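Quick notes on the structure that follows.
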Amino acid sequence: YDKKSARELVCSLKKKGLIKMIQKEDEPFKSMGLGVQFPIEPVFEDDKIFESCAVVSSAGSLRGSELGETIDKHDVVLRFNHAPTHEYEVDVGRKTSVRIVNSQVISKPEFNFLESPLYSNIKIVAWDPSKYNHSMEQWYQNPDHDIFTSYFKHRSLKPETNSYILNPTSLWDLWDYIQAHMPLRIRRNPPSSGFLGLALLLPHCAHVDMFEFIPSFRMTKRCHYYDNLDDISCTFGVWHPLSAEKLLLLSMNIANETEVFRDGYIRIPGYQTLGC
Ligand code: NCC
C-alpha cells in the first residue's frame with residue numbers, strides 16, 4: 001500500500017476498471033441462443049464525452065437538500081435501483097439517463113421491474129453479485145438472485161429500452177482496485193452500485209459529481225431519501241465495502257470543502273480530463 005495522488009488514483013482505476021457488459025458472443029449465452037438479446041450498441045459510444053455527469057446516491061441526507069436543479073443541469077444523470085424522482089424533484093431532480101439496478105430489484109415482484117415506468121426509456125445496467133473467480137457459466141447456474149428471467153422478459157417487452165447486464169468480472173476488477181488502495185483488508189463482497197456508477201461514467205464525462213455519496217452536514221440515520229427507515233449501515237456499509245469506497249473517492253475529489261460538506265457533492269475528473 002502506498003498513498004497516491006488524486007490523479008494517480010483515477011488513472012489507475014482506468015487501468016483496472018473499464019466496465020464491461022455481457023456481449024452477444026459471451027458464453028453460456030451464445031450457445032443457448034440468448035446472445036442476440038443483448039443490445040448491440042454500447043451504453044455510451046466509445047468516443048462520446050459529456051461535459052458533466054451526476055451520480056445521485058439514494059442517501060437519506062438528500063431529503064431537504066434542494067439539489068434537484070443542480071442535479072438536472074448535468075448532461076447525464078445516473079440513479080440507483082427503485083429510487084424515485086416523482087414527488088422528490090426539489091431534492092433530487094427529475095432527469096434520469098441511466099439506472100443501475102441490482103438483481104434484487106430485477107427479480108423481486110414488489111419492485112415490479114417489468115411494469116414500472118422507472119425502468120423504461122432510459123439505459124439500464126443490471127447486475128448480480130458473483131463469487132470471486134467464478135466463471136460466467138458458474139454464475140449463470142447459481143446467481144445470487146435470478147436476474148436472467150426478468151431481464152430477458154424486459155428485453156422482449158421493451159426492446160427500445162437499452163438494458164444491459166454487467167459482466168461480473170468487472171465487479172471483481174473494481175473490488176481488486178479498492179483493496180489494492182486500502183491499507184486495511186476489506187471483505188470479499190462486490191462494491192456498491194454507487195461505485196459501479198462512477199466507474200461506468202468516468203470514461204465518458206469531463207467530470208462526475210456524486211451527490212451525498214460522502215455524507216454532508218445533513219447526514220442522518222435515515223437510509224434513503226424516499227423512505228423513513230433508519231439504518232446507518234446504508235451510509236457506512238455492512239455487506240458492501242462502502243466505507244472503503246467512500247474514503248477512496250474522497251481522495252479523488254477536486255471539489256472544495258464547502259461543496260462537499262455544505263452543498264453535498266464530490267467532483268471527480270474523468271479519464272479524458274486527466275489525460276490518463
Ligand atoms: O440502498 P441502495 O443500495 O439502493 O443505494 C444505492 C447507492 O446509494 C449509495 N447510498 C445509499 C444510501 C445511503 N444512506 N448512502 C449511500 O451512499 C450507495 O452507494 C448505494 O450503492 C445497492 O448498492 O444496490 C444497494 O441496494 C440495496 C437494495 O437492494 C435496493 O435498494 C433495493 O431495495 C441494498 N440493501 C439491501 O439489500 C437491504 C444495499 O445494501 C445496496
Side-chain angles (χ1 to χ4, degrees), residues 19 53-65 67 71 77-85 88 91-93 96 98-113 116 118-119 124-130 143-147 150-151 164-166 168 170-171 174-175 178 186-202 208-250 252-253 260-261 264-266 268:
I19 297 282
C53 301
V55 172
V56 186
S57 86
S58 301
S61 46
L62 274 165
R63 202 187 286 182
S65 67
L67 282 164
I71 290 171
V77 177
L78 181 146
R79 302 183 193 270
F80 299 104
N81 295 320
H82 58 305
T85 53
Y88 299 93
D91 292 333
V92 303
T96 305
V98 194
R99 228 173 237 283
I100 298 200
V101 182
N102 73 35
S103 52
Q104 299 187 46
V105 177
I106 309 254
S107 62
K108 291 187 181 170
E110 67 261 34
F111 294 108
N112 208 2
F113 178 65
S116 163
L118 286 179
Y119 313 108
I124 309 244
V125 174
W127 71 279
D128 175 75
S130 71
D144 208 30
H145 294 272
D146 175 18
I147 190 174
S150 294
Y151 171 79
Y164 301 83
I165 299 187
L166 181 80
S170 289
L171 288 174
L174 293 175
W175 186 92
I178 298 169
I186 58 170
R187 292 180 68 191
R188 221 171 238 196
N189 291 328
S192 77
S193 298
F195 198 80
L196 293 177
L198 177 75
L200 180 72
L201 292 180
L202 283 176
V208 179
D209 292 336
M210 290 186 85
F211 289 87
E212 289 290 355
F213 191 68
I214 301 301
S216 71
F217 78 94
R218 283 183 299 273
M219 190 172 91
T220 158
K221 294 196 290 281
R222 191 184 303 119
C223 180
H224 295 128
Y225 66 84
Y226 53 83
D227 61 36
N228 287 325
L229 172 79
D230 280 346
D231 184 351
I232 199 72
S233 77
C234 296
T235 302
F236 292 103
V238 50
W239 191 78
H240 295 289
L242 190 57
S243 290
E245 297 168 28
K246 292 190 182 202
L247 286 171
L248 205 46
L249 296 200
L250 190 55
M252 299 176 181
N253 164 58
V260 177
F261 298 109
Y265 66 91
I266 52 172
I268 299 178

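Note that ligands are numbered from 1 as they come in the structure, with each ligand's atoms numbered from 1 the same way. Given the structure is predicted, the values throughout are model-derived calculations rather than measurements.
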Fill in: Pairwise salt bridge (Lys or Arg N to Asp or Glu O under 4.0 Å) hits with a residue in residues 214-223, at least two apart
E212-R218
Discussion item. Classify the ring geometry of F211 against Y265: parallel below 30°, tilted from 30° to 60°, perpendicular beyond 60°.
Written reply: tilted
Response to the item:
In terms of heavy-atom contacts, V105 and F113 come closest through O-CB, 3.8 Å
Worksheet item: Around ligand 1, what residues show up once you keep those with a heavy atom under 4.0 Å from it?
Response: S57, S58, A59, F80, N81, H82, N102, Q104, V105, F111, S192, S193, G194, F213, C223, H224, C234, T235, H240, L242, K246
Worksheet item: Where do L196 and V125 land on the side-chain contact (heavy atoms from CB on, under 4.5 Å) test, with the steps shown first?
Response: CA-CA 10 Å; L196 293 177; V125 174; over 6 Å; no
Worksheet item: Nearest heavy-atom pair of G60 and T220: which atoms, and what distance?
Response: C-CG2, 3.6 Å
Discussion item. Testing V92, L62, D91, V56 one by one against L67 for a side-chain contact (heavy atoms from CB on, under 4.5 Å), which residue passes?
Written reply: L62
